[in-house]
Amino acid sequence: MAAKARPSMQMAEPQQPRLPGLQLFDLGIVNDVLDTAEFQDLSIDSALKAVETNRGPVHPGLRTWVRHAVIQYFEAHQFLWDRDCLRLVPHKPKWVVQYPREIGFETPILEVAAWGRRYCSADRQVRELRLLRRRSVKDRQRDDSEIATALYVLAHGRATRGRTRFDLPHALVDTVEQPRRLRVVEIGCEDGSVNILDDVDVDGARQRYRESGQHRAREVVQGGGQRNPGSSCQKCKLVDGCTAVPRADGILGIVERRRPRRTWSVTNGRAYIRCPAQEYLTRLNLPRASAVEYGESATRGQAVHTWIEQNHRRQPVRSCTAAEAPFADSWQAGPWEVTGSQALLGAQMIGDHALVCPLHHLLPDSPVGVERTVTAYDADANVVVIAKIDLVYRDGPACVLREMKTTEGTDGGDPLARYPQLSLGLLLLAHAVLGDGSANGRVELERLTPAGPVVESFHPTNSDHMEQARQVINNLAASWHADTTARAQPGPECHRCAVSQWCPEAFMRPHDEDY
């Protein structure tokens, strides 16, 4: 975030143009369609067509979502118009606050802006910022620092003259407006819901900023906060040299840097194999179906995993015991509730885990990472690789990654292929992403079965293990990395897809006899 406040700070290797047809920021397209509809007085469909002509083709599922979001936005717009009788007109130029006093950078400019839709009264006395949210805002929690900063930008921001280069500060108009009333509104594009977050004068905006926004803004600009590697690294200018994101060049086995930076995980890879459109629409974080049904065995697996995870998170850290298993024909862990035979089997699995719990032999003060997120940057593919590991612990000097699975039968085939998380774990160890102990570390698979627990180990020093791991991960990532269409693969699985409501091809079965 500190880098974003400095326009002149650029990546060592600038981002390439967006992936054709696979835009990665859906609300940006929603905003463009709204701009085109409002400023050119076009219908929604005509505005969407004009945006596609300008930006390039939009994925069919994204197009469905954008059209829905725009319709919901205009319904919210009409609601505000009718309720408040406040006649505001769209304001195209951004409002930006610039601070020309930063030392040590090529351009001594810091910028603070608020992304959203801007409106003002005809006399420029009222300014309103509308924040677009994907989901409903009916029960959304407030972020007071965000609201306070938005109010500050409304109060003190100057209009811009446009921007032709993103590595330069905005050019500001000479006229300094003095608004009287400032309002921040959020709109849920899923259902057209509306929240009036604040409605104050300039003095009120300054007060809000002093109370809630100033400290946070200073924290962000100075960049002194804790670094949290993850999906946000995708857009960060500094990821290539960030000490919090280890380099793992070649981990995906792909050499092609002429792609916009994206994130990738085993979950993405497996979703892409099922249906490229599902992976893409899920990646966009579009609203999902409120309930996607899980089978009884999948629910039991989630419940067992959650129960053991909660035990591993206890402080002080201690190993699991069989006496802690929920021996009953009905029990719950987190949101997962199981009954009958699945509850009994799940309880047995939890008790069995206690026999092989890796925390039994943990040295005092040895670090334990439960559901640990590990992030690495593969510059060869320009991809941020993300892994979520069930348990990371130390066995003496060795770093150990354990994955736990529940199964009612005997798993067939190579575990490294059946559970690609194991393969990625081996590659992370081989690239020393987890630091000291990687060289002599190992990846463990703990399988909880009706016949008892089984633990297998895989080592980065084993050439056969590594050859298989590299093949598994490359097979999962290569097609996804090269794909520019993310075409749907409709079939029986559509009814379990959480984003099928946006996919125009969902449930299409041109040859029913094939299913």
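FYI, side chains are in, hydrogens and waters are out, and symmetry mates aren't considered; it's all heavy atoms of this structure.
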- Only one of V385, V383, V433, N382 forms a side chain to side chain contact (heavy atoms under 4.5 Å, CB included) with Y377, so which one is it?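 Option passing the side chain to side chain contact (heavy atoms under 4.5 Å, CB included) with Y377: N382.
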- Item | Member of L131, V137, V185 meeting the side chain to side chain contact (heavy atoms under 4.5 Å, CB included) criterion with N195 | V137
Supply the atom-to-atom distance [X] [atom1] to [Y] [atom2], rounded to the nearest 0.5 angstrom.
X: T461; Y: R442; atom1: OG1; atom2: CZ; result: 11.5 Å
X: M404; Y: L448; atom1: CE; atom2: CG; result: 5.5 Å
X: E186; Y: I147; atom1: CD; atom2: CD1; result: 7.0 Å
X: L424; Y: I251; atom1: CG; atom2: CD1; result: 5.5 Å
X: L132; Y: L34; atom1: CG; atom2: CG; result: 6.5 Å
X: E296; Y: L345; atom1: CD; atom2: CG; result: 11.5 Å

Does [X], at its [atom1] atom, have more than 12 non-hydrogen atoms belonging to other residues, nucleotides or ligands within less than 6.0 Å?
X: R487; atom1: CZ; answer: no
X: E371; atom1: CD; answer: yes
X: E75; atom1: CD; answer: yes
X: D139; atom1: CG; answer: no

Taking all heavy atoms of [X] and all of [Y], pick out the closest pair and write down the distance.
X: R63; Y: V58; value: NH2-O, 3.0 Å
X: Q310; Y: G334; value: NE2-N, 3.8 Å
X: H59; Y: T485; value: CD2-O, 3.2 Å
X: L426; Y: A469; value: CD1-CB, 4.1 Å
X: S297; Y: Q342; value: CA-OE1, 4.1 Å
X: L401; Y: G425; value: CD2-CA, 3.8 Å

Under 3.5 Å, is there a donor on one side chain and an acceptor on the other for [X] and [Y]?
X: D191; Y: S193; answer: yes
X: D464; Y: Q468; answer: no
X: T282; Y: R288; answer: no
X: D26; Y: W65; answer: yes
X: N285; Y: R135; answer: yes

- Task: Determine the sole option in K92, K49, R55 for which the salt bridge (Lys or Arg N to Asp or Glu O under 4.0 Å) test with D32 is passed.
- Result: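 Answer after filtering K92, K49, R55: R55.
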- Item | Derivation and outcome, salt bridge (Lys or Arg N to Asp or Glu O under 4.0 Å), residues E279 and R270 | CA-CA 9 Å; E279 190 278 335; R270 300 185 81 163; over 6 Å; no
- Task: For salt bridge (Lys or Arg N to Asp or Glu O under 4.0 Å), just list the numbers for R247 and D378, CA-CA rounded to whole Å, side-chain angles, deciding distance to a tenth of an Å, and then say yes or no.
- Result: CA-CA 6 Å; R247 286 286 288 266; D378 183 350; over 6 Å; no
Contact between [X] and [Y] at the side-chain level, heavy atoms closer than 4.5 Å - yes or no?
X: R470; Y: N474; value: no
X: I71; Y: R67; value: yes
X: R161; Y: H170; value: no
X: Q278; Y: C497; value: yes
X: R118; Y: P90; value: no
X: I254; Y: D380; value: no

- Message: So that I can tick it off, tell me whether R372 and D390 are bridged by a salt bridge, with the cut-off set at under 4.0 angstrom between side-chain N and carboxylate O.
- Response: no
- Item | Residues E128, R117: salt bridge by 4.0 Å N-O rule | no
Can you confirm whether or not the ring centre of [X] sits under 6.0 Å from the ring centre of [Y]?
X: H305; Y: H353; value: no
X: W331; Y: W307; value: yes
X: W502; Y: Y280; value: no

- Query: When you measure from the centre of the six-membered ring of Y119, is the NZ or CZ of R130 under 6.0 Å away and within 45° of the axis?
  - Reply: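 Yes, R130 sits over the ring of Y119.
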- Query: According to the interplanar angle, ranging from 0 to 90°, do the rings of H77 and Y73 count as parallel (below 30°), tilted (30 to 60°) or perpendicular (above 60°)?
  - Reply: parallel
- Message: Just to verify, what does E456 make a side chain to side chain contact (heavy atoms under 4.5 Å, CB included) with, not counting sequence neighbours?
- Response: P415, L445, R447, V454, F458
- What's the verdict on salt bridge (Lys or Arg N to Asp or Glu O under 4.0 Å) for R133 and E146, showing C-alpha distance, side-chain angles and the deciding distance? CA-CA 13 Å; R133 314 293 193 191; E146 177 191 39; 2.9 Å; yes
